[in-house]
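Encoded as structure tokens, here's the structure I'll be asking about.
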Amino acid sequence: NAGVTQTPKFRVLKTGQSMTLLCAQDMNHEYMYWYRQDPGMGLRLIHYSVGEGTTAKGEVPDGYNVSRLKKQNFLLGLESAAPSQTSVYFCASSYSGSKNIQYFGAGTRLSVL
Amino acid sequence: QQQVKQSPQSLIVQKGGISIINCAYENTAFDYFPWYQQFPGKGPALLIAIRPDVSEKKEGRFTISFNKSAKQFSLHIMDSQPGDSATYFCAASKGAQKLVFGQGTRLTINP
């Protein structure tokens, strides 16, 4: 049982380049999330989705776009990467029940030069 | 706007000692308070969680203490072991809504 899988694991971009991070979950979860983790800042929510075809902004959405075309996949896009987007990105998923137990992927380490 | 404040940022404890990490929240509507544990190179994983109708929850060596009037909760790790060395995040949410995470505490247990 794979759980939450993120690809790629590492990526280096030049300023202005674009890329898409892929998150896939095999637990039939309704909710999916994208976070960024920076030293001393904890986990900050970028965008999230409460179901297929729906997305919503989190705490730090600027510079990112997302899509949830299939229930099991949640894509995070950077249209024009900036050095401030250098971070570790985590995807998570959860059931729609009240406990809000989130299951995280292993992360994508992104450097923007 | 940091709704959940966590301290300390880093903590060093001797093997066998008690590790204590504290969190304070602002939103009185929060009704679910989990702690996540993250090892290097891995994603966070749920460790233990509590709801505000109880003041303490214990699972093995891990205990959450909850003070509703002070809007604070803490994680206690008894008999701390080197394998407990990790980053710990507290979080809070209202129902099934999105979690708000604290800043994280890097815990090191010296052998």
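Being a predicted model, the structure only gives us computed values, none of them experimental. Residue numbers start from 1 in every chain, and the chains themselves are labelled A, B, ... in the order their sequence lines are given, proteins ahead of strands.
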Checklist entry - If you count the non-hydrogen atoms of other residues, nucleotides and ligands that lie under 6.0 Å from CZ in Arg44(A), is the total more than 12? => result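 Atom CZ in Arg44(A) is crowded, with more than 12 foreign heavy atoms closer than 6.0 Å.
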Checklist entry - Are Lys98(B) and Tyr31(A) close enough that some pair of their side-chain heavy atoms sits under 4.5 Å apart? => result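 The answer is no, as the side chains (C-beta and beyond) never meet within the 4.5 Å cut-off.
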Checklist entry - Contact part of Tyr103(A) toward chain B, heavy-atom cut-off under 4.5 Å: side chain, backbone, both or neither? => result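 Neither part.
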Checklist entry - Of all of Cys91(A), Ala106(A), Ala92(A), which one pairs up most often with chain B through heavy atoms under 4.5 Å apart? => result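 If we count pairs closer than 4.5 Å to chain B, Ala106(A) comes out on top.
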Next on the checklist: Using a 6.0 Å cut-off, check whether atom CD of Gln9(B) has over 12 heavy atoms from anything other than its own residue.
Outcome noted: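 12 or below, so no.
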Item to check | Cluster check Leu11(B), Trp35(B): I/L/V/M/F/W/Y, side chain < 4.5 angstrom | outcome: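 Cluster IDs for Leu11(B) and Trp35(B) match.
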Item to check | Any side-chain heavy-atom pair of Leu99(B) and Tyr48(A) under 4.5 Å | outcome: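 No. Closest side-chain heavy atoms not under 4.5 Å.
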Next on the checklist: Quick check for you: to the nearest 0.5 Å, what is the distance between Tyr36(B) atom OH and Phe104(A) atom CZ?
Outcome noted: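 If I round to the nearest 0.5 Å, the distance is 5.5 Å.
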Checklist entry - Between Leu43(A) and chain B, which part of the residue has a heavy atom less than 4.5 Å away: side chain, backbone, both or neither? => result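 Its backbone and side chain both get close to chain B.
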Donor-acceptor contacts, no H, no angles, side chain residues 37-47 of chain B, under 3.5 Å, sequence neighbours left out:
{"unit_1": "Gln37(B)", "atom_1": "NE2", "unit_2": "Tyr88(B)", "atom_2": "OH", "d": "2.9"}
{"unit_1": "Gln38(B)", "atom_1": "OE1", "unit_2": "Gln37(A)", "atom_2": "NE2", "d": "2.9"}
{"unit_1": "Gln38(B)", "atom_1": "NE2", "unit_2": "Gln37(A)", "atom_2": "OE1", "d": "3.1"}
{"unit_1": "Gln38(B)", "atom_1": "NE2", "unit_2": "Lys42(B)", "atom_2": "O", "d": "2.9"}

Next on the checklist: For Gln81(B), I'd like to know if atom CD has over 12 heavy atoms of other residues, nucleotides or ligands within 6.0 Å.
Outcome noted: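 Yes, the 6.0 Å shell around CD holds more than 12 heavy atoms from other groups.
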